[in-house]
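Worth saying up front: this structure is predicted, and the values here are computed from it rather than measured. Just so we're on the same page: letters track the sequence lines, and every chain starts at 1.
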Amino acid sequence: MLRPSFLFLPLLLLVAHCGQGQDSSDSKSDGGGAGKDGSACFGPSCGTGGGTAGSGGSGGTPPEQELEATFKSPVATGKFVWAANPESGRVALINAATLEVHTVEAGNGPTYLAAIPDPKNPDAARAIVLNVLSHDATVFVADAQAKVTSKSVPVHEDANSWAVSPGGRFALAWTDASQVKNADPTQGFQDITVIDLSGATPTSTRLSVGYRPTRVFISNDDKRAFVVTDPGVSVIVLDDPLGPSVDTDVPVTDDPLDNPASRDVSVTPDGKYALVRRDDSPDVGIVSLADGTRVSVTLSGPVTDLDLSDDGTRAIAVVRTPGLLGDGDAGVPDANADASAAGGAAGAGADAGASGAAGASGAAGAGGAAGASGAAGASGAAGASGAAGAGGAAGAGGDAEVPDAGPPPPSVVALLPIPGIFSDPKQFDSVTITGETVGSVSVSPGGGVALLYTNAIANDHLTILETAPGASYLAHRTVALKATVKAVFPTPDGKHAIAILQPGNGSTKAGAFSVVPVAADLPPKIQGTDAPPMGVAIDPTNSERALVTVRDDASKIFSTYLVRMPALQVDAFPLSSPPLATGMVPAASVGYVAQQHPEGRITFVTLADGKARTLTGFELGAKIVDGSK
Amino acid sequence: MSAHASPSTKLLAASLISISFGLLRCGASSSDSGAGAPSGSGGAGAYAGAGGLATGGGGNYGGAAGAADAAPPPPPEKEVESSFRSPVATGKFVWTANPSSGRVALIDATTYEVKIADAGFGPTYIAAIPDPKNPDSNEAIVLNVLSHDATLFRVQTDGSVTAKTLGTHKGANAWAVSPGGKWAIAWTDATQVQNADPTDGFQDITVISLEPGKEASTILSVGYRPTRLAFASDESHAFAVTEPGVSVVSLDALGPSVSALIEVSDDPLENPASRDVTITPDGAYALVRRDGSSDVALVSLANGDKTKITLSGEVTDLDLSDDGTRAVAVVRQNAEIDVMAVPGVVTDPSLVDKTTVSGELFGSVSLSPDASVALLYTNAVSNDHLTIVDLLAGADYLTHRTVALKAPVFAVFPAADAAHAVVLQTPLTGSTKAGAFSVVPTTKLLSPKITGTDAAPNSVAIEPAPKSEHALVTVRDDTKKIFGVYLIRLANLQVDYVKLASPPLATGIVTAAHKGYVAQQHPDGRITFVDFADGSVRTLTGFELAAKVVD
């Protein structure tokens with residue numbers, strides 16, 4: 001999965017649940033197979049519950065979900081953590097080593113913070129905050145004594161996101177429409193403010209890009225920015241002596257009026273190419289951002305995910321169901337696992353009886369030819385899955401006695417060399433993952449490992465694919481994580497991964513995560529949690545520590561888990577208030593969890609010895625109210 | 001949409017604009033619902049739903065359907081651009097008339113100094129008098145509707161203002177001023193007169209010689225109910241488009257006189273409302289389009305000779321370039337535009353270039369002043385698409401691209417430099433916005449900027465050439481008391497909203513001061529200036545009393 005660089009999200013898994021339901025309903029038109037959603041779960045945790053499938057049986061397998069972005073963390077620079085308080089109009093600067101606190105005035109409603117990197121001075125402490133009520137941004141610079149100076153520049157209204165250039169010269173404030181509820185169709189959120197941080201006084205320039213930007217990339221050399229929008233990619237020249245300007249809009253499709261929601265666009269770090277994936281399409285588009293030239297790489301089936309390595313030299317595409325073109329994901333016999341699938345499919349099948357393949361549906365008992373296109377065969381297979389999960393409280397589907405459909409068809413992973421693929425669209429490596437259904441990929445930052453899974457259906461498998469050159473190139477193995485995989489975060493060194501899981505209905509746990517050794521062939525550590533995970537942070541320096549934060553407002557369960565790698569030791573630290581965000585302060589060797597509290601609250605966890613210290617009311621006087629535990 | 005006669009000289013009543021806007025919406029809605037779902041090849045809902053949004057598709061149009069179940073064609077396109085034009089500025093001054101006080105205020109847009117001059121009784125319609133040889137000159141003329149005369153104002157080099165009054169006919173409500181500022185014609189636009197009796201022909205016009213020292217007025221009679229007045233660029237003739245044809249007014253040394261009536265139709269009794277007549281700037285030809293007809297007629301205004309150019313289907317719009325050398329016709333049913341060389345096409349009918357834009361529905365065209373860009377859209381049905389056609393000679397001639405503006409297009413205003421256009425839009429069903437507008441880059445491949453508004457747009461002003469870098473769009477909702485103006489910086493598509501304290505009446509540009517202004521409805525007079533350089537705003541209220549700056 002592609003991973004935008006920040007943010008966290010409460011109630012994430014709740015969102016994920018909802019997404020499933022919605023997807024399943026959306027997928028009615030996909031036609032075909034049944035019981036998709038709640039179906040393919042492999043392993044003992046599967047088949048225990050029919051409930052989850054209620055939403056799933058009506059259509060084709062829903063699209064993969066991009067969930068990683070919602071788990072990311074907020075702002076730390078050097079040894080400092082920056083925390084904004086929209087109500088007080090102040091920003092707190094906390095020394096994570098000494099827990100000393102400084103508060104500084106921002107504008108009106110400081111809300112969205114971003115760190116400003118300085119590659120030449122990694123210990124530099126610079127940050128920028130969007131003041132949503134005064135429509136400006138305040139740039140903070142802290143010296144070695146934590147003395148903070150600030151300067152403000154105007155910003156367009158409604159900005160709610162930041163993109164900061166790798167070299168720290170430019171910060172782009174933009175509006176992520178997905179964060180705006182009930183946006184009017186005439187609200188294009190097209191304003192973008194480019195802030196040049198290079199001078200003694202920052203300057204801002206307002207520009208307009210395409211309708212409803214979804215992502216912003218900045219080239220490694222800080223010279224150009226690329227804004228993915230409905231009509232295409234708006235290219236911004238940043239370093240023009242006359243000031244930033246929008247140079248061109250590059251269409252990424254032959255029909256710029258097509259549905260942009262079905263597109264997934266990423267840009268190589270050097271800013272030369274945009275890679276475009278479309279739902280239900282076997283094509284990967286490679287677009288030259290210099291001249292708009294487009295080439296298309298056609299794979300063996302609909303490309304369900306496309307991830308780019310950090311250095312931009314390789315893109316990895318996943319074809320969940322090869323050969324399935326034009327009728328959605330109907331044929332995925334993923335329903336062969338679980339009673340839940342069958343159960344859910346039964347209901348859906350009833351609804352879908354009008355779609356035609358009712359006979360097949362009936363034969364399948366549950367799997368039902370729910371889809372409009374009536375892929376009866378696939379549906380029949382789906383019914384088999386109902387049998388597999390017969391023991392579950394599956395409802396109608398569980399009673400189905402049909403032959404086992406066997407393992408799922410293999411998925412295919414293609415490795416596209418960048419930029420070579422642009423000149424020779426047929427020259428790439430691919431590997432078939434036999435016996436597994438994978439639709440999503442997370443590539444380790446170094447690009448040596450691809451982690452394959454699906455979150456479109458209930459599936460606890462994670463496939464680890466070697467992508468580094470050598471004897472093991474394209475070798476792979478699969479591990480079972482005992483609960484449905486929702487998102488996967490490789491560590492920077494590629495040796496481990498944190499997988500966020502969603503337990504099946506038979507589980508008493510509200511959530512789960514797993515620490516997966518990737519480089520070593522060791523068993524994953526499975527950790528059930530009493531609240532759903534909502535934040536993940538991994539130490540970027542040595543990749544040996546991580547924090548996973550969980551939150552359940554209803555039952556008032558709030559915790560963070562310190563994960564130690566390679567020992568796979570997991571320790572829980574209860575929190576006294578709802579966590580908002582999780583992050584790391586490598587320079588201080590601590591992790592932190594910002595929490596919801598009227599006076600501000602943050603808990604620091606030392607990574608070396610696992611000591612937790614909580615700071616509350618830091619806006620009032622850096623008061624420490626909770627000591628080491 | 002078709003060219004109009006000097007609308008910039010009009011001070012518009014906001015009520016008319018609002019009514020116009022509302023009518024379109026009602027019209028679209030009623031016709032849409034009346035049409036029902038198209039049964040032809042077009043997709044259902046393309047224009048079936050009230051307020052629904054057609055996102056293009058020639059298939060929306062019923063032309064491809066079999067005869068038996070052909071859907072009714074969309075209603076005629078609407079000419080609405082002229083309703084949005086701006087009032088009067090000369091040099092660095094803005095002129096504003098107060099019918100109640102009988103005075104005209106002259107406001108220096110750089111210093112905000114105000115001069116007050118007495119006009120006649122009921123000064124209402126004001127027009128700027130150009131002087132191409134002296135762009136800094138400041139002259140204006142106002143129609144005093146109650147004393148039935150006009151007052152000509154001139155600002156002297158010492159800053160003083162002189163006034164001269166000249167008689168006019170009764171009922172005048174519009175101005176046409178010749179390009180060189182030698183003549184002004186007061187006339188009566190019947191469309192501005194409510195419940196006119198069929199016997200009210202509004203045929204009087206008053207021709208005023210503006211030559212210094214020789215100012216004089218002459219009342220003439222032209223054809224029944226003139227709809228447009230135009231001048232030949234050499235100021236030798238004026239042309240009044242009327243029901244029976246074009247009345248030719250000679251402006252020679254012997255004094256103004258009506259020299260001819262040129263019929264523009266073989267049937268002079270045909271419904272004139274179905275006609276759209278445009279005069280070339282040199283006064284050589286009248287171009288005539290008729291609703292329901294596939295013909296474009298070019299009528300010589302010298303001898304009445306008619307040349308018909310027959311296109312592939314009904315011509316739904318016809319627009320003429322500012323220099324009169326190119327006309328662009330739209331054939332909606334075939335998604336076709338035809339580019340005609342004028343007057344070459346008269347002698348060589350093959351001088352017509354055509355192109356189709358498959359998959360799009362458009363019936364209107366707005367040409368950039370230099371005719372380098374044609375903007376195609378429809379306001380007959382709900383459609384958010386705008387097609388941009390390159391008309392510059394070269395490899396890209398007649399190439400086109402279509403942009404989706406997310407709300408139905410209502411009117412399109414190309415900037416003078418052809419680099420951008422401002423598009424006014426009606427709200428989409430389901431939208432919480434009262435209106436919308438877009439700023440569309442037309443020469444660069446950049447995305448349009450779409451802005452929803454809380455009140456309906458009621459006027460537009462775009463900075464004139466050579467640097468069309470700014471524009472103003474005012475919005476007005478009297479019920480909710482929402483009044484404002486949007487400052488548009490065209491270079492970066494930046495749009496900033498400025499709240500107004502009173503209902504905007506008109507907006508315009510004071511080029512010499514690098515500012516825009518919004519005249520507002522206020523008993524003592526109110527005008528807001530927007531500085532293009534820094535976006536700062538100054539409002540003058542009560543300027544008739546003491547030039548009081550209150551904001």
Mind checking the [atom1]-[atom2] spacing from [X] to [Y]? Nearest 0.5 Å is all I need.
| X | Y | atom1 | atom2 | result |
| --- | --- | --- | --- | --- |
| A/Ser245 | B/Lys444 | OG | NZ | 6.5 Å |
| B/Gln494 | A/Thr205 | CD | OG1 | 9.0 Å |
| A/Ile236 | B/Asn492 | CD1 | CG | 11.0 Å |

Indicate yes or no: at least one non-hydrogen side-chain atom of [X] is less than 4.5 angstrom from one of [Y].
| X | Y | result |
| --- | --- | --- |
| A/Val246 | B/Ser447 | no |
| A/Asp230 | B/Lys406 | yes |
| B/Lys449 | A/Asp191 | yes |
| A/Arg206 | B/Leu493 | no |

**Pick from B/Val403, B/Thr453, B/Asp496 with the largest number of heavy-atom pairs that fall under 4.5 Å of chain A** =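 Among the listed options, the one with the most contacts to chain A is B/Asp496.
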**Non-hydrogen atoms of A/Asp249 and B/Leu446 that approach each other most closely** =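 Nearest heavy atoms, A/Asp249 then B/Leu446: OD2-C, 3.2 Å.
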**Request:** Flag the one option from A/Val235, A/Asn182, A/Thr248 with the top tally of heavy-atom pairs under 4.5 Å to chain B.
**Result:**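 When all of A/Val235, A/Asn182, A/Thr248 are compared, A/Thr248 has the most.
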Residue [X] versus chain A: region with a heavy atom under 4.5 Å:
| X | result |
| --- | --- |
| B/Val439 | neither |
| B/Thr451 | backbone |
| B/Pro441 | neither |

**Asked** If you check every heavy atom in residues 286-295 of chain A against those of chain B, which residues fall under 4.5 Å?
**Response**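 Near chain B, by residue number: none.
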**Asked** Within the distance-only criterion (no hydrogens, no angle test), does the side chain of A/Gln187 pair as donor or acceptor with the backbone N or O of B/Gly452 below 3.5 angstrom?
**Response**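 Checking the backbone N and O of B/Gly452 against the side chain of A/Gln187, no donor-acceptor pair under 3.5 Å is found.
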**Item:** Whether A/Gln190 side chain and B/Ile450 backbone form a donor-acceptor pair below 3.5 Å
**Value:**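 Present.
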